[in-house]
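Notes to accompany the following structure.
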Amino acid sequence: MPEWLKQAVFYEIYPQSFQDSNSDGIGDIPGIISRLDYIRDLGCNALWINPCFDSPFRDAGYDVRDYKKVAPRYGTNDDLIRLFDEAHKRGIKVLLDLVPGHTSDEHPWFKASAQYEENEYSGRYVWTRHPFEGIAGHPYISGVTERYGAYMLNFFASQPALNYGWLNRTEPWMSAPDSEEAIATREAIKDVMRFWMDAGCDGFRVDMADSLVKNDDDNKSATAAVWRNVREMMDAEYPECALVSEWSNPWQAINGAGFHMDFYLDHWGNGYNTLVRDYEPGGEDNSFFRSAGHGDICRFLQDYLPKYRDTKDSGYIAMFTCNHDTPRPARTLSEAELKLFYAFLFTMPGVPFLYYGDEIGMKYLDVRTKEGGYQRTGSRTPMQWDSGKHYGFSDTDGEIYLPQDESTDAPTVQAQQERPDSLWHVTRQLIALRKEHADLQADGDFEVIYAEKGEFPFVWQRGSFIAAVTPSDRWVKTVLPVGCYETVFTIGSAAVNNTELIMKPLSYILLKRV
Ligand code: NOJ
């Protein structure tokens, strides 16, 4: 386990929307470099950068055309290497986004594999032998290649599935997971990983990590075996690099597949979803962090606690404010509610991820789809830095990547830095607290102290600290375990009288046992 993960606080950057340095209206790597001081001063010490590789951008870069080449619109490989160096100088680690399950249909491997003549890449993707048949119930395309067969899709129509084999094989064209062609795919991806780790990156966030071997069993054991092989390589050759999965099943991803940590994704009805996104647009909102909602922290805990207990000695659960696939929390939460959500997130175990712009509560915008974003596009708009042109994102006279927030109350970093009680300042204070106290970091002890269905506050212990949060719009109180407490940090207003904790509406308190 790379030691640095313990105290990591990640910042996710969607490169096309962070900072444009060459006035083409699209963010780029030199732009990210120019903002590294900002990220360090906010307190984040690790980055996750969404795919920045050559791509036709039909899925915002998750359709890779060349794994070893930075997309020209973002800069050059040398720029990315300079980003690693500059980040490291500031104590910041950098994770790249690895997309191992599929490529773009413009990738040279795919073009070769689609040819009539058999060649080195014929087995690199999942193909049937007949263009007039389906592909065992999976999405496919046929009729567009010289090759006789249909190819399987892993996501959008432009993303053919790479071939890691099938565990349960029902058709003659299904490769075994230990076949030569499946192993060759795995080794090709390891080669890509080595290429970027040799260049200085600190590991990978792995896209759809559970999607590799098809017709896998319920435990995804064949897919897990691929990752354990990758992890062995990393342990032997790059022990300080991290492997983070988009899997959302920590037991499978961490204990089975050997990932260092796993994302707890926003899936409808799961524990994470009940925190801030338990609503249908226009419908009732039952999220825990909505003060007017009738939140129930037990819905979160019932899902989270088994995941936490299963993996607390083997890896970390990663919780995020939002990501590029999820509506921004400010879509429904007020600034006061956002502060409480972040206070919770930054003082829970595991590793927190802050999505660019969430530190100022950037809004989810109603914008037209771009690069396969669809509903996700509203969370992908350019960063709002200051009161300058395009909020300091770009000085282009032309169009920018996506429209920005035109409302009079559009948040900017500059305005929030000038206001001492802003979300930006609270976020910064919370990150600083976490970095200052080992008990609040990824593997500090965690125990629930008070959680009742439909009641507030939620109280939990992290080593020698006790944290309590209440998003409710009424005064609440509860009794703490016997002890002496010192207040370390508050949002809103809360106080302890002997062991009675009294909290005003919308408050958070962090106490230390003395
Ligand atoms: C998950 C990524 O986060 C998402 O943005 C992408 O569209 C799909 N995987 C397909 O790669």
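For ligands, and for the atoms within them, numbers begin at 1 and follow the listed sequence.
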> Do we see a donor-acceptor contact under 3.5 Å between the side chains of D262 and S245?
Replying inline: yes

> Which ligand 1 atoms does H324 reach within 4.0 Å, using its non-hydrogen atoms?
Replying inline: 2 (C), 3 (O), 4 (C), 5 (O)

> Quick one: does R380 get a heavy atom under 4.0 Å from ligand 1?
Replying inline: yes

> Are R205 and ligand 1 in contact, using a heavy-atom cut-off of under 4.0 Å?
Replying inline: yes

>> Under 3.5 Å, is there a donor on one side chain and an acceptor on the other for S158 and D63?
In response: no

>> Considering non-hydrogen atoms of the protein only, which is the closest contact for atom 9 (N) of ligand 1, and what is the distance?
In response: D207 OD1, 2.7 Å

> With a cut-off of 4.0 Å, which atoms of ligand 1 are near a heavy atom of F155?
Replying inline: 7 (O), 8 (C), 10 (C)

>> Quick check on side-chain contact (heavy atoms from CB on, under 4.5 Å): which of T76, N77, L83 does L80 satisfy it with?
In response: L83

>> For the SG atom of C241 and the NZ atom of K93, what is their distance to the nearest 0.5 Å?
In response: 8.0 Å

>> Taking 4.0 angstrom as the limit and counting only heavy atoms of R376, give me the atoms of ligand 1 inside it, by number and element.
In response: 4 (C), 5 (O), 6 (C), 7 (O)

> What atoms of ligand 1 come within less than 4.0 Å of a heavy atom belonging to H102?
Replying inline: 10 (C), 11 (O)

> Under the side-chain contact (heavy atoms from CB on, under 4.5 Å) test, which residues partner D198, sequence neighbours left out?
Replying inline: R194, Y238

> Counting heavy atoms only, which of T326, D59, D325, N154 is nearest atom 3 (O) of ligand 1?
Replying inline: D325

> Going by distance alone, is a donor N or O of one side chain under 3.5 Å from an acceptor N or O of the other, for Y62 and D97?
Replying inline: yes

